[in-house]
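Everything numeric here is computed off the predicted structure, so don't read it as measured data.
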Amino acid sequence: MENAFFVGVTSPILATKKAIEGLMAIKAQILERPIDFIVINTDGLVAGDVAIKYKTELIKEIKPDLIVGMPLENELEQLIANIEGTPIILVESSSSLNPRNPEKRKILREMTYTRYLKDAKLQCYPMSQIVIETKVAIPKNQEPEKGLLVGLYASRNEFLGIGVLREINSVRKVLKVQTAVSAKPHRLVFGKVFLNMKLQEIQD
C-alpha cells in the first residue's frame, strides 16, 4: 500500500460523503503520475435507498469509462436503473463466494487491529504540535479501556497508519495514542470506532 484515506467508521453507510472524498483524493494523487488505466474496486454496499444514492453519487464523481458489476442474483437491478451514460458489463459472481455476516466482519476487523498494532507503543503528542481534525471531536473524558480509533498523517497527506487514543492529559495538553507508527505525525483524524484494551470493538 502506498497511501490510504482514513474514513473512521466500519461501513461506508455511516460516512458516505467521507468515503467519496477519500476515493477522489486517492484518484487525484494517482493521476499525477503516468498511468494506463485505473481499476477501482468499490465496496459491496448496493442494497437500499442510502446505498443507491451513495453509489450513484460515487459514479458521478468518479466518471468511469466502464462499470463492471458482479451481482448476487438481482441485487444490482435498482442501482443499474439509476445509472445513465456509462456502459455496464455484468459478470457472474464466483460460486465460491461466501458472504460474511456482521459478526464475522467484526471478528475479522478485530484480528486486523491485533495484527497491525502488535508492536504498538504509547506515544505522546502535544496538541500544540499536531493538526487535529477536528478539535471539536476531542472527547472530554477518555477512558484508557475505551479508546477511540484515530488516523495519523504526515505533512503531505501521506497516511502513516492508525492508532487508538487512550488518554487525554488536559493539564499538559497531550494526547496519548497507542500506535505502531514511529514517525511523528503532522495530522490526527478522529474516527468513531471504540476499542478496548484487547482491541475489540465496543459500543459507544
### Task
Can you run down the side chain to side chain donor-acceptor pair (under 3.5 Å) pairs that involve residues 107-117, sequence neighbours left out, and say none if there aren't any?
K106-E110, R109-E201, Y113-E201
Exercise answer: donor-acceptor pairs, residues 55-63 side-chain atoms, under 3.5 Å, sequence neighbours excluded:
| residue | atom | partner | partner atom | Å |
| --- | --- | --- | --- | --- |
| K55 | NZ | D43 | O | 3.3 |
| K55 | NZ | D43 | OD1 | 2.6 |
| K55 | NZ | L45 | O | 2.8 |
| T56 | OG1 | I52 | O | 2.8 |
| T56 | OG1 | K53 | O | 3.0 |
| E57 | OE2 | K53 | NZ | 2.6 |

### Message
Using a 3.5 Å distance criterion without hydrogens, assess whether the side chain of N169 forms a donor-acceptor pair with backbone atoms of R172.
### Response
yes
### Message
Could you report the tightest heavy-atom contact between P87 and L66, atom names first, then the distance?
### Response
O-CD1, 3.6 Å
### Task
Evaluate the side-chain proximity of N157 to F5: yes if any heavy-atom separation is below 4.5 Å, no if none is.
no
Under 3.5 Å, sequence neighbours excluded: what are the donor-acceptor pairs made by side chains of residues 8-25?
| residue | atom | partner | partner atom | Å |
| --- | --- | --- | --- | --- |
| S11 | OG | I13 | N | 3.3 |
| K18 | NZ | E133 | OE2 | 3.3 |

### Query
What are the two closest heavy atoms between T179 and Q123, and how far apart are they?
CG2-CG, 3.7 Å
### Query
Can you check side-chain contact (heavy atoms from CB on, under 4.5 Å) on E145 and I202, steps first, answer last?
CA-CA 10 Å; E145 64 275 9; I202 53 179; over 6 Å; no
### Task
May I ask you to decide if the ring planes of F159 and F6 are parallel, tilted or perpendicular, using 30° and 60° as cut-offs?
parallel
### Query
Sequence neighbours excluded, which residues qualify as side chain to side chain contact (heavy atoms under 4.5 Å, CB included) partners of R156?
E158
### Task
Identify, with sequence neighbours excluded, every residue that meets side-chain hydrogen bond (donor to acceptor under 3.5 Å, both in side chains) alongside N3.
Q29
## Note on the structure
Separation between CZ (R105) and CG (L108), nearest 0.5 Å, reads 9.0 Å
### Query
So, do L188 and L165 sit near enough that their side-chain heavy atoms are less than 4.5 Å apart?
no
### Message
Restricting to side chain to side chain contact (heavy atoms under 4.5 Å, CB included), what partner residues turn up for P71, sequence neighbours left out?
### Response
E75, L76, L90
